[in-house]
Peer 1: 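Once you've had a glance at the structure underneath, I'll fire off some questions.
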Amino acid sequence: MKHELKKVLKIADEVMTVCMYKYEPTKTYFTTEKCKSGYELLFRFENVDVSEQEIKELRDKLSAERNPELEDYYWQLAGEVENSNELYLVALMSDLSEVCYDEQVLSIHLSRKAD
Amino acid sequence: MVKDEPDEMRYDKVLQYGIYVFPVLLLIVGLFSETPSAIIAGMRNIITSPSVLLHDYLHIGGVGATLVNAGLCGIICCVLLALLRVELNGPFVAAVYTVIGFAFFGKNIFNVWPIFIGVALFAKVQRVPTRNYALVALFGTTLAPLVSAITFGSHLSGGVAAVTGALLGVLAGFVLPPLASHMLRFHDGYNIYNIGFTGGIVGSFLTAWLRSFDFTVAPTSLLEDRYDFFLKVLLLVFFVFLMFAGYVLDRCGNRVIAEKMRLIHASSGRLISDFMRIGDVPSSVFNMGFMGLIASFFVIALGGRFNGPVIGGILTVVGFAAFGKHVKNCVPILLGVYLASMLKMWDGGSTPVIIAGLFGTTLAPIAGQFGVFAGIVAGFCHLSIVMNVGVLHGGVNLYNNGFAGGFVASFLVPIINSLKKEDRS
């Protein structure tokens with residue numbers, strides 16, 4: 001798919017922007033792994049206070065199905081705005097999402113399959 | 001977590017068939033409102049009109065043909081989406097209603113096809129499924145008058161004019177997908193009618209090119225107010241029906257419409273805010289009906305008449321009530337435009353000012369993100385800009401307010417951002 005790597009970087013930008021502005025972590029880690037099926041993205045935000053309700057909302061926003069019809073048009077918007085609080089676009093660009101919160105560490109795992 | 005959507009899945013069929021309700025209603029009402037010969041003659045007049053801004057089809061073809069044209073354009077969109085197996089959601093509902101709205105003054109069953117073909121050709125060249133650009137294709141019909149203006153409004157002779165018009169339409173459709181995606185960064189999603197902005201750029205480029213070959217492409221103003229009462233009643237009844245349908249759907253399902261409406265109202269509306277996802281289908285349908293009433297009230301309060309462009313503006317607000325617009329982020333824009341009309345040189349009850357208000361709600365995300373005052377300022381600025389940019393593309397870009405909105409958003413948002421206090425939430 002065209003712009004595949006750029007789209008992965010946009011996803012990373014959007015997640016980092018949203019979480020760093022919203023939760024103000026003291027340490028942030030981002031790893032990406034390119035595999036046969038596509039890309040795996042893992043984010044880890046340390047020393048953050050996130051309520052149960054916020055975790056629920058985060059999971060809900062990221063649960064939207066991947067949508068190529070919207071992705072091919074809107075992907076360039078991801079990561080562009082510092083006060084964005086929407087992760088919907090990230091959800092439209094990823095196939096699988098996982099959100100964990102334990103001992104003030106927020107972890108987000110995203111998977112994006114190559115077409 | 002593997003993604004699934006159990007709640008939304010139940011509404012798939014409702015949306016799949018429900019989206020046909022309005023275009024079919026328009027088609028039926030149109031067919032019964034005039035004689036068949038009058039409708040056929042009216043359709044011929046509509047199809048052969050240059051269709052640049054503001055060609056009110058109610059003036060050119062009469063009410064029967066206009067409603068038939070609007071209904072058919074809507075049905076064409078719905079069938080295309082079904083054939084392409086597009087999953088319907090807020091953006092596509094907005095696109096279908098926008099096409100129907102503009103089928104009252106600029107889009108017709110003849111001039112939309114070259115744009116569709118151009119977008120499909122781009123998808124083919126890129127080797128991606130055409131449905132990935134279906135949204136661009138529907139919104140991209142903003143440039144449909146380019147086809148009509150060359151085919152029926154130029155100095156070229158019949159066959160040459162038709163081929164030139166069609167080729168330009170295909171070219172416009174072909175360049176829209178990459179440009180539309182790129183232009184989002186100009187206003188960061190604060191101008192909901194992004195393809196209006198893109199269409200303005202493409203239209204200005206092509207119009208300048210045409211003018212250098214001695215083509216005359218200029219905005220005009222043909223408006224028809226005779227059907228005001230009939231269309232007012234038709235639309236108001238439909239908007240009440242939408243609210244009722246949303247309420248009934250909710251009663252059949254989750255019964256959480258108040259909670260879902262709260263979520264919709266909490267959204268800034270910045271692209272991409274799919275209210276069918278943020279809320280759900282019933283709450284979005286309810287919001288569509290409600291916003292239709294708000295938009296109609298705005299027109300009536302300003303003493304405006306329900307003509308083609310005004311109906312187009314109202315229906316676009318209704319469509320985008322599934323994709324970014326709600327009462328909290330739209331009313332400040334409407335107020336801003338109204339205040340501007342009081343202080344500036346334009347008559348508040350005139351069609352240009354009224355449609356500037358209705359379509360000016362393209363800037364609703366500014367009010368949604370930065371507050372009521374910012375929204376009023378955006379609306380205030382928008383009126384002046386929209387009155388001045390149409391000449392650039394000569395009226396071939398129907399979403400002139402989207403074009404103007406792109407400039408207003410890209411001008412205001414960086415300033416507002418730099419002035420606001422540091423805010424981490």
Side-chain angles (χ1 to χ4, degrees), chain A residues 1-4 6-7 10 14 17-25 48 54 57-100 108-113 115, chain B residues 1-9 81 84-92 123 126-136 139 176-178 180-190 194-195 263 266-268 270-274 277-278 365 369-370 413 416-417 420 422-425:
Chain A
M1 184 181 248
K2 274 198 133 184
H3 312 299
E4 185 62 20
K6 190 66 191 167
K7 286 179 181 175
K10 282 280 192 183
E14 183 79 354
T17 303
V18 170
C19 292
M20 290 188 73
Y21 269 88
K22 191 166 186 180
Y23 305 120
E24 299 180 5
V48 292
E54 284 175 315
E57 286 175 7
L58 206 52
R59 285 184 178 138
D60 187 49
K61 282 178 180 171
L62 287 171
S63 71
E65 286 202 46
R66 186 170 172 186
N67 190 325
E69 290 100 312
L70 298 181
E71 176 189 310
D72 271 349
Y73 176 17
Y74 289 111
W75 69 273
Q76 295 206 40
L77 262 185
E80 286 296 315
V81 179
E82 67 181 43
N83 49 17
S84 168
N85 56 7
E86 303 286 352
L87 283 171
Y88 180 51
L89 188 51
V90 168
L92 296 181
M93 296 168 71
S94 48
D95 294 279
L96 187 140
S97 68
E98 201 171 356
V99 177
C100 298
I108 299 175
H109 172 216
L110 299 172
S111 177
R112 179 180 162 86
K113 288 180 190 159
D115 289 324
Chain B
M1 170 178 65
V2 176
K3 296 178 177 186
D4 59 355
E5 294 178 283
D7 288 341
E8 283 73 13
M9 290 300 282
L81 293 178
L84 292 170
R85 296 175 191 278
V86 170
E87 183 194 330
L88 292 180
N89 48 35
F92 286 101
Q126 293 291 303
R127 293 179 186 172
V128 296
T130 307
R131 71 167 179 271
N132 287 19
Y133 295 113
L135 195 61
V136 178
F139 282 129
L176 272 176
S181 187
H182 180 77
M183 294 297 172
L184 287 163
R185 286 150 60 185
F186 189 74
H187 51 77
D188 287 336
Y190 286 101
N194 175 58
I195 293 202
L263 292 174
S267 165
S268 71
R270 179 181 166 257
L271 291 172
I272 46 175
S273 300
D274 180 358
R277 170 76 204 173
I278 293 169
Q369 183 76 51
F370 303 110
V413 170
I416 297 169
N417 260 327
K420 74 183 175 71
E422 190 69 11
D423 183 358
R424 294 294 184 183
S425 56

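Not measured: the values here are computed from a predicted model. Convention: sequence-line order gives letters A, B, ...; per-chain numbering from 1.
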Peer 1: With heavy-atom distances below 4.5 Å as the criterion, would you say the side chains of A/Y73 and B/N194 are in contact?
Peer 2: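 Yes - at least one pair of side-chain heavy atoms lies under 4.5 Å apart.
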
Peer 1: Tell me the closest heavy-atom pair linking A/A64 and B/R277, and the distance in Å.
Peer 2: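 So the two residues come closest at N-NH2, 3.5 Å.
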
Peer 1: Considering all heavy atoms of both residues, which atom of B/R270 and which atom of A/L77 are nearest to each other, and what is their separation?
Peer 2: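 The pair with the smallest heavy-atom distance is NH2-CD2, 3.8 Å.
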
Peer 1: Could you tell me which non-hydrogen atom of B/E87 sits nearest to which non-hydrogen atom of A/N67, and how far apart they are?
Peer 2: OE1-ND2, 4.4 Å

Peer 1: Got A/D72 and B/R131 here, is their nearest side-chain heavy-atom distance under 4.5 Å?
Peer 2: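 Contact flag for A/D72/B/R131 side chains = no.
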
Peer 1: For A/L70 and B/L135, work out which heavy atoms get closest and say how close.
Peer 2: CD2-CD2, 3.8 Å

Peer 1: Once you round to the nearest 0.5 Å, how far does CD1 of B/I278 lie from CG of A/D60?
Peer 2: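 With rounding to 0.5 Å, CD1 (B/I278) is 10.5 Å from CG (A/D60).
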
Peer 1: Does any backbone or side-chain atom of B/A180 lie under 4.5 Å from a heavy atom of chain A? Answer side chain, backbone, both or neither.
Peer 2: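 It is both, since atoms from each part get that close.
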
Peer 1: Which answer fits B/L176, side chain, backbone, both or neither, if we ask what part of it has an atom under 4.5 Å from a heavy atom of chain A?
Peer 2: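 Neither; nothing under 4.5 Å.
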
Peer 1: Say you draw a straight line from CG of B/N89 to CD of A/E69; how long is it, rounded to the nearest 0.5 Å?
Peer 2: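 One gets 7.5 Å once the value is rounded to the nearest 0.5 Å.
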
Peer 1: Measuring only between side-chain heavy atoms, which start at C-beta, is A/W75 closer than 4.5 Å to B/L184?
Peer 2: no

Peer 1: Sort B/P177 into side chain, backbone, both or neither according to what part of it lies under 4.5 angstrom from a heavy atom of chain A.
Peer 2: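 No part of B/P177 comes within 4.5 Å of chain A.
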
